[in-house]
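Working notes, beginning with the structure itself.
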Amino acid sequence: MAKKKTLVVVLGPTASGKTDVAIRLAKYFDTEIISADSRQFYREIPIGTAAPTAQQLSKVTHHLVGNLSLNDDYNVSRFEQDVMALLKEKFRVHDLLIMTGGSGLYIDAVCKGIDSLPDPDPLLRKTLQEKWQQQGIEVLQQQLQQLDAEYYEQVDRKNHKRLMRAIEVCLQTGQKYSELRLNKPQKRDFNILKIGLDLPREQLFARINRRTEIMLSNGWLEEARSALPFRHKNALNTVGYKELFAYLDGELTLEEAVDKIKTNTRRYAKRQLTWFKKDKEIHWFSPEDEEIRQFVEEFLVGNP
RNA sequence: GGUACCAUAGCUCAGUUGGUAGAGCAACGGACUGAAAAUCCGUGUGUCCCUGGUUCAAUUCCAGGUGGUACCA
């Protein structure tokens, strides 16, 4: 019987040191890394997304970094499919693979699966978007109440994105969203070990501030300037770009923009931590902790 | 040195005709199934500069002090 394969997931808030830890583990176990970062896919914005550098990429083979263009539309479901295909291929030659990133929803899609739902119809989405902007959220609420009263009861009714998505699914499938959204964890045929990286908040915030400065001195502003033609793409609805675009528009001074970037990055880190805190499968470590490698080895021994 | 004005939450400020106070931002907490670095929800954390006076009661009125700002010397 074939040995069971293992996916080690290195996760944590932004700037917690995931990239370095993942590379160290990958080198030690002589394996490859799959990114689970919803913004590092885009090849035009490596600086602002703190993607692995050319030097880091040369040390270990990375997947799903810089594989998309800002023009590409992408979503969690496609990510799940891409990663499952990658795992199938790479587990032929590796017993252990590493996935690292900070996008909780994307990580969960790989670890637990995600329901089979249709991709949004762009035209329908545009219609709903306009409806919301012109007539307000009440119209969306009423529409969802008619289409799917059950989901309407549980949904966050002030969140236009949730309302729109549910309406989309109902209209596109002719079925109720609440009936399609099973939310049932799928069994994977590989072991999963989740390693969480975290630091005392004060230290994490100091790292965020320092990294922001480094990213700027690495040419982030120029990167933002050249991404300007794509500013309305979803990929650029991202911490940092919004603020730098505001500076380029003359709405903020550079100093104000940088301060806002730091603040919004901290807030992003907090949202990530809120997501990860719920997941009781995560084993938490400090990024400098030498015991991470040993912990993985012990897991491998215990889960042959 | 003199005069005027100001001093309230981490920041910018509102307010209390005397009954210990509230907005925005920040902060903190939370939600999350194809836009997720997105989107949305909740929470006020306070020697009301200090000391004294008047008063049943002072953050509020009065006096002095301290600090700041402006103008005059």
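For clarity, every value in this text was computed on a predicted model and none was experimentally measured. Every chain is numbered from 1, with letters handed out A, B, ... down the list of sequences.
At the phosphate of B:A35, OP1 or OP2 sits under 4.0 Å from a side-chain N or O atom of A:Arg125. Between B:A36 and A:Asn237, no contact under 4.0 Å exists linking OP1 or OP2 to a side-chain N or O. At least one side-chain nitrogen or oxygen of A:Arg267 sits closer than 4.0 Å to the OP1 or OP2 atom of B:A26. Under 4.0 angstrom from either OP1 or OP2 of B:A36 there lies at least one side-chain N or O belonging to A:Arg39. Regarding contacts with the backbone of B:C32, every side-chain N or O of A:Tyr151 stays at 4.0 angstrom or more from both OP1 and OP2. Taking 4.0 angstrom as the limit, A:Arg162 places none of its side-chain polar atoms (N or O) nearer than this to OP1 or OP2 of B:C32. Note on A:Arg165: a side-chain N or O is less than 4.0 Å away from OP1 or OP2 of B:G34.
Taking all atoms of both residues into account, the shortest heavy-atom contact from A:Arg266 to A:Ile208 is CA-CD1, 4.0 Å.
Judged by a 6.0 Å distance limit and a 45° cone about the ring axis, A:Arg157 is positioned over the six-membered ring of A:Tyr152. In this structure, A:Lys277 fails the cation-pi test against A:Trp275, since its NZ or CZ atom is not both closer than 6.0 Å to the six-membered ring centre and inside 45 degrees of the ring normal.
Between B:G1 and B:A14, the distance separating the two C1' atoms is 35 Å to the nearest Å. Rounded to whole Å, the separation between the C1' atoms of B:A9 and B:C49 comes to 15 Å.
Looking at heavy atoms from C-beta onward, A:Tyr106 lies out of side-chain contact with A:Asp108 at the 4.5 angstrom threshold.
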Exercise. Where does RNA chain B pair, written as one dot-bracket string 5' to 3', with Watson-Crick or G-U pairs under 3.5 Å, ( ) inside the strand, [ ] for crossing pairs and | for another strand?
Worked result: (((((((..((((.....[..)))).(((((.......))))).....(((((..]....)))))))))))).

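Of all nucleotides listed (B:C32, B:G29, B:G30), B:G29 comes nearest to the side chain of A:Lys270.
Here A:Arg225 pairs with A:Glu222 under the salt bridge (charged side-chain N to carboxylate O under 4.0 Å, His left out) rule; sequence neighbours left out. A:Arg207 pairs by the salt bridge (charged side-chain N to carboxylate O under 4.0 Å, His left out) definition with A:Glu288, not counting sequence neighbours.
Under the 4.5 Å side-chain heavy-atom criterion for Ile, Leu, Val, Met, Phe, Trp and Tyr, A:Phe79 and A:Leu87 are members of the same hydrophobic cluster.
Base orientation at B:G10 is anti, since its O4'-C1' glycosidic dihedral falls outside 90° of 0.
Across all strands shown, A:Lys242 has heavy atoms under 4.0 Å from sugar-phosphate atoms exclusively, and none from any base.
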